[in-house]
Amino acid sequence: MMIELTNIEDTRKPVIGQILEELERKRKEAASSGNEEFANNCWRESEALKVNILYIEAFEKIKSKKYRDAWNDLERCEIDAASIERNSDSDYYTKSRCHFIEKQVSKWQSLYPYCVFASPGFKVGYYTCSICNHKVRPRSRCSHVKGKIYNGELCVHVAHDMEFLELSIVTKPVQKYSVMHDDETLDFSLINYLSDFLDNAFENWEAHWTRKSFPIERFSQVTPDSDCPCKSGKKFEECCINEKEISIPHVDFQFFKEISDDKAKVRFPY
Ligand SMILES: [Zn+2]
Ligand SMILES: [Zn+2]
């Protein structure tokens with residue numbers, strides 16, 4: 001069974017809810033009668049459908065400028081698609097569009113201005129296997145592998161006796177939802193610009209990062225104490241203020257459809 005969803009209206013059709021319920025019913029039934037392969041198939045179908053829905057929802061949120069909510073959905077897509085990849089062959093992963101979603105999610109994430117995250121540190125007393133409840137210790141493991149599905153259920157290690165240790169500020173977080181920025185202060189124009197061109201979540205696009213040099217006169221509005229346009233992180237007055245040209249990060253978007261000329265005009269940020 002393969003359901004092709006394109007836009008948010010598709011995801012809200014009652015039939016989608018019915019399909020998910022049906023898959024869940026069949027998964028439980030197969031699991032209790034010991035039909036592991038069928039139970040795993042139901043899990044896979046259901047998860048892939050949910051990732052498709054979530055990705056479409058994330059795209060909708062980007063379109064309506066709810067960037068933080070979209071960011072959280074994109075991370076969820078990333079995690080869930082990885083789960084599906086671990087538990088299916090590459091043919092299924094492609095066919096269910098999860099591979100496409102995985103690639104798009106990482107491209108969207110690369111356009112976000114977020115760079116500082118909170119990372120909580122915990123001390124964990126012990127873990128148990130979610131499939132058999134075995135207490136996982138270095139020399140005593142059960143036969144289940146974390147991240148694999150067994151009888152239609154994903155194996156996770158459940159943490160017990162957790163103790164909060166610290167909160168670190170990091171740039172490459174394990175979990176991406178703990179963004180430390182206030183969105184009001186950030187520039188989402190790149191994402192906004194791109195999403196204007198796209199009609200649905202499944203249109204392909206590429207972003208090519210380069211640098212482009214512009215004469216210093218173009219930056220006449222930049223005050224000496226603001227951030228340097230070259231994105232070095234230094235103040236303008238301590239960086240490129242006396243240069244003839246400034247080289248700024250530049251992204252070329254590539255679309256796989258016709259774009260009208262006036263729409264495709266390069267926008268210069270200064
Ligand atoms: Zn186990
Ligand atoms: Zn500079």
Side-chain angles (χ1 to χ4, degrees), residues 24 26-44 46-47 79-80 82-88 110-116 122-162 171 174 181 185-190 193 207-252 266-270:
E24 181 59 8
K26 284 183 178 164
R27 184 186 68 80
K28 282 187 178 152
E29 202 178 275
S32 60
S33 65
N35 190 349
E36 174 153 29
E37 201 187 327
F38 192 71
N40 290 351
N41 281 340
C42 292
W43 176 89
R44 203 174 288 124
S46 156
E47 290 301 301
I79 294 165
D80 294 348
S83 256
I84 294 165
E85 189 182 19
R86 266 195 302 275
N87 291 286
S88 62
S110 76
L111 300 176
Y112 267 80
Y114 299 152
C115 54
V116 187
F122 291 98
K123 200 178 124 210
V124 175
Y126 64 99
Y127 290 97
T128 52
C129 167
S130 66
I131 303 296
C132 68
N133 271 324
H134 183 86
K135 200 166 165 179
V136 184
R137 276 157 290 174
R139 271 179 217 147
S140 164
R141 297 185 160 270
C142 59
S143 59
H144 305 113
V145 180
K146 195 168 91 177
K148 284 271 180 192
I149 40 171
Y150 298 92
N151 224 358
E153 244 175 85
L154 186 69
C155 172
V156 291
H157 283 177
V158 185
H160 300 267
D161 295 344
M162 279 170 78
T171 51
V174 183
H181 303 273
T185 66
L186 295 175
D187 175 14
F188 291 93
S189 56
L190 213 50
Y193 175 72
H208 305 284
W209 287 91
T210 53
R211 295 188 78 86
K212 251 189 177 166
S213 291
F214 295 92
I216 190 88
E217 293 76 39
R218 299 280 298 262
F219 302 90
S220 55
Q221 287 131 281
V222 183
T223 56
D225 63 338
S226 47
D227 294 339
C228 187
C230 80
K231 304 276 184 217
S232 63
K234 292 186 212 160
K235 298 271 169 249
F236 190 31
E237 60 192 344
E238 293 160 357
C239 195
C240 301
I241 201 161
N242 293 320
E243 303 291 329
K244 282 198 184 73
E245 287 188 329
I246 302 181
S247 154
I248 62 171
H250 172 87
V251 59
D252 276 322
V266 174
R267 287 188 207 167
F268 186 72
Y270 296 97

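Both backbone and side-chain heavy atoms feed into the values below; hydrogens, waters and symmetry mates do not. First listed ligand is number 1; within each ligand, the first listed atom is number 1.
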Q.
My understanding is that only residues two or more places apart in sequence, or in another chain, count here; which of them pass salt bridge (charged side-chain N to carboxylate O under 4.0 Å, His left out) with Lys146?
A. none

Q: State which residues pass salt bridge (charged side-chain N to carboxylate O under 4.0 Å, His left out) with Lys234; sequence neighbours excluded, sorted by chain then number.
A: none

Any donor-acceptor pair under 3.5 Å linking the side-chain atoms of [Y] with those of [X]?
X: Asn35; Y: Ser33; value: no
X: His144; Y: Ser130; value: no
X: Ser88; Y: Arg44; value: no

Q) For the side chain of Lys148 and the backbone of Arg86, is there at least one donor-acceptor N/O pair under 3.5 Å apart? A) yes

Q) Which protein N, O or S atoms lie under 2.8 Å from the Zn ion (ligand 2)? A) Cys228 SG, Cys230 SG, Cys239 SG, Cys240 SG

**Q.** Phe188 atom CZ, neighbour heavy-atom count above 12 within 6.0 Å
**A.** yes

Q: Starting from the Zn ion (ligand 1), count all protein N, O or S atoms within a radius below 2.8 Å.
A: 4

Q. Do Glu24 and Arg27 meet the salt-bridge criterion of a basic N to acidic O distance under 4.0 Å?
A. yes

**Q.** Least distance between heavy atoms, Tyr150 atom then Asn40 atom
**A.** C-OD1, 3.9 Å

